[in-house]
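Taking it in order: structure first as structure tokens, then the write-up.
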Amino acid sequence: MKKKLMLIYKKLLNNYGEQGWWPIINNYTCEYNKSFKHDKKTTKQKFEICIGAILTQNTAWKNVEKSLINLKSANIFSPNKILSTPDSKLTSLIRPAGYYNVKTRKLKEISKFFLEHKDDFENESLSREELLKVWGVGKESADYIMLYALNKPFFIVDAYTIRIFSRMGFFDEKRKYDFVQDFFQKNLPKDYKIYNEYHALIVEHAKRHCRKKPLCNGCILRKDCRYYFKNDKELKRKKLKKI
DNA sequence: CGCCAGGTGGGAT
DNA sequence: ATCCCACATGGC
């Protein structure tokens, strides 16, 4: 199993290349680059990852980018600025990311938390349990922050992770966050760089091929995939019937 | 037009 | 525990 998961990782990496997560805004061009490396983030970048993690909840990253650029352009990009901005103003800026009323509250909650735990963010001594107490921060958002802001080895589980690996036959699609996270953490080296890149590759693969309605044509994992074989057999049966 | 997107909290059963 | 729903814009 350990080899299998690493093999899939290498196939994805060979095919899609390094993803360079987490995307961080370029201060000069106000554009997002994905050439970001695994080095230690500045405090500002850590906070940027926190608000990105909130805004991207059940939302396409493209829409999150628009909201982040709005915030950046309005010079509302720090915990203090967010806390001192009226809800109505914040709401209008993050509008493209959807759920703007709840997310406005969530941004204020994480900002308050960030200020209260500034030392923990700077020393990278923050605990996941503390993060999970913040209203609006669930397991996935907490792990995004732990992994991408603080380089801690927490494997991210999202809808894509469960979709891809349940289709491939590793576990049932009804498995929940903790089970799936344990599964990956038990079967992969405990290395934040691998977790970082693996998750980003999963997102890329889900977008390109393993969609809700899968595009198995050209999928590099289909030889390893139960879902594909199941449909392949059905396809052959239909063809035989025709003949 | 309908479906989907890098979830979460809250309430009912 | 588990299911169900509200939350909402923009891209295809």
Side-chain angles (χ1 to χ4, degrees), chain A residues 9 12 16 18-25 32-34 36 45 48-71 87-113 128-150 152 154-167 171-181 184 192 194-215:
Chain A
Y9 172 69
L12 291 169
Y16 300 121
E18 285 201 14
Q19 299 300 300
W21 274 36
W22 183 281
I24 294 284
I25 199 165
Y32 273 83
N33 55 37
K34 288 205 168 182
F36 207 74
Q45 288 169 336
E48 181 176 339
I49 292 169
C50 290
I51 59 181
I54 298 289
L55 292 176
T56 199
Q57 290 173 358
N58 204 36
T59 301
W61 180 255
K62 211 75 198 153
N63 294 341
V64 177
E65 275 186 4
K66 286 178 190 159
S67 302
L68 288 171
I69 288 168
N70 285 347
L71 290 171
D87 286 2
S88 57
K89 168 103 182 193
L90 219 43
T91 294
S92 69
L93 293 170
I94 66 167
R95 187 182 174 81
Y99 308 128
Y100 41 73
N101 290 313
V102 247
K103 283 178 178 174
T104 291
R105 179 176 168 202
K106 290 179 182 180
L107 288 184
K108 292 206 166 179
E109 299 280 348
I110 193 70
S111 297
K112 189 152 60 76
F113 179 83
R128 183 178 187 263
E129 282 66 38
E130 285 298 306
L131 253 180
L132 282 170
K133 290 179 189 162
V134 181
W135 189 90
V137 176
K139 288 172 184 170
E140 189 181 334
S141 301
D143 286 333
Y144 270 134
I145 294 168
M146 294 305 288
L147 179 65
Y148 288 102
L150 304 178
K152 302 295 180 193
F154 290 90
F155 197 90
I156 311 287
V157 178
D158 65 351
Y160 291 156
T161 312
I162 294 178
R163 185 197 294 164
I164 294 174
F165 288 86
S166 65
R167 278 179 180 168
F171 45 77
D172 190 273
E173 63 180 346
K174 289 187 187 65
R175 288 297 189 177
K176 300 294 181 234
Y177 200 97
D178 293 338
F179 177 92
V180 177
Q181 184 171 54
F184 282 96
Y192 77 88
I194 293 177
Y195 291 3
N196 174 321
E197 198 60 43
Y198 211 150
H199 176 68
L201 289 165
I202 284 169
V203 171
E204 188 61 19
H205 186 62
K207 285 179 179 165
R208 302 261 194 109
H209 290 285
C210 212
R211 307 190 183 161
K212 267 251 166 75
K213 190 176 157 64
L215 304 175

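Residue numbers begin at 1 in each chain, while the letters A, B, ... track the order of the sequences. Bear in mind the structure is a predicted one, so any value in this text is a computation, not a measurement.
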Inset, instruction - Round to the nearest Å and state the distance from A:Leu107 atom CG to B:dT8 atom C1'. - result: 14 Å
Legend entry - Members of residues 128-145 of chain A that approach DNA chain B, where some heavy atom sits under 4.0 Å away: A:Val134, A:Trp135, A:Gly136, A:Val137, A:Gly138, A:Lys139, A:Glu140, A:Ser141, A:Tyr144
Legend entry - Whole-angstrom distance between B:dA5 and C:dC3, as gauged at atom C1': 22 Å
Inset, instruction - Quickly work out the A:Glu109 CD to B:dG7 C1' distance and round it to whole Å. - result: 16 Å
Inset, instruction - Look at all strands and tell whether A:Ala159 reaches a base, only sugar-phosphate, or nothing, counting heavy atoms closer than 4.0 Å. - result: sugar-phosphate
Inset, instruction - Keeping the roles fixed (side chain from A:Thr91, backbone from A:Asp87), state whether a donor-acceptor pair exists under 3.5 Å. - result: yes
Inset, instruction - Classify the angle between the aromatic ring planes of A:His205 and A:Tyr16 as parallel (below 30°), tilted (30 to 60°) or perpendicular (above 60°). - result: tilted
Inset, instruction - Please determine if A:Glu130 and A:Lys133 form a salt bridge, counting it only when a charged side-chain N lies under 4.0 Å from a carboxylate O. - result: yes
Inset, instruction - Check whether any side-chain N or O of A:Glu48 sits under 3.5 Å from a backbone N or O of A:Ile25 as a donor-acceptor pair, and report yes or no. - result: yes
Inset, instruction - Walk along DNA chain C from 5' to 3' and tell me the first and last nucleotide with an atom closer than 4.0 Å to a non-hydrogen atom of chain A. - result: C:dC7 to C:dG11
Legend entry - B:dT8 versus C:dG10 - spacing of their P atoms, nearest Å: 22 Å
Inset, instruction - Fit a plane to each ring of A:Tyr9 and A:Tyr198, take the angle between them on a 0 to 90° scale, and name the class: parallel (under 30°), tilted (30 to 60°) or perpendicular (over 60°). - result: tilted
Inset, instruction - Could you tell me the separation between the OH atom of A:Tyr177 and the C1' atom of B:dG9, rounded to a whole number of Å? - result: 16 Å
Inset, instruction - Answer yes or no: is there an ion pair linking A:Lys106 with A:Glu109, defined by an N-O contact shorter than 4.0 Å? - result: no
Inset, instruction - Check whether any side-chain N or O of A:Lys212 sits under 4.0 Å from OP1 or OP2 of B:dA5, and answer yes or no. - result: yes
Inset, instruction - Report the distance from atom CD of A:Glu65 to atom C1' of B:dA5, rounded to the nearest whole Å. - result: 14 Å
Inset, instruction - Taking the side chain as every heavy atom from C-beta outward, state whether A:Gln19 and A:His199 have any pair of such atoms under 4.5 Å apart. - result: no
Inset, instruction - Check whether any side-chain N or O of A:Arg163 sits under 4.0 Å from OP1 or OP2 of B:dA5, and answer yes or no. - result: yes
Legend entry - Euclidean distance, atom CH2 of residue A:Trp61 to atom C1' of B:dC4 [Å, nearest integer]: 18 Å
Inset, instruction - For A:Lys213 and B:dG2, give me the distance from atom NZ to atom C1', rounded to whole Å. - result: 14 Å
Inset, instruction - Measure the SG-CG distance between A:Cys50 and A:Leu55 for me, rounded to the nearest 0.5 Å. - result: 11.0 Å
Legend entry - d(CD1, A:Ile54; C1', B:dT8) in whole Å: 9 Å
Legend entry - Pi-cation contact, A:Phe171 with A:Arg175 (under 6.0 Å, within 45°): no
Inset, instruction - Mind checking A:Arg105 for me? I need base, sugar-phosphate or nothing, with any heavy atom below 4.0 Å counting as a touch. - result: nothing
Legend entry - Rounded interatomic separation in angstrom, taking CD1 from A:Ile110 and P from B:dG7: 17 Å
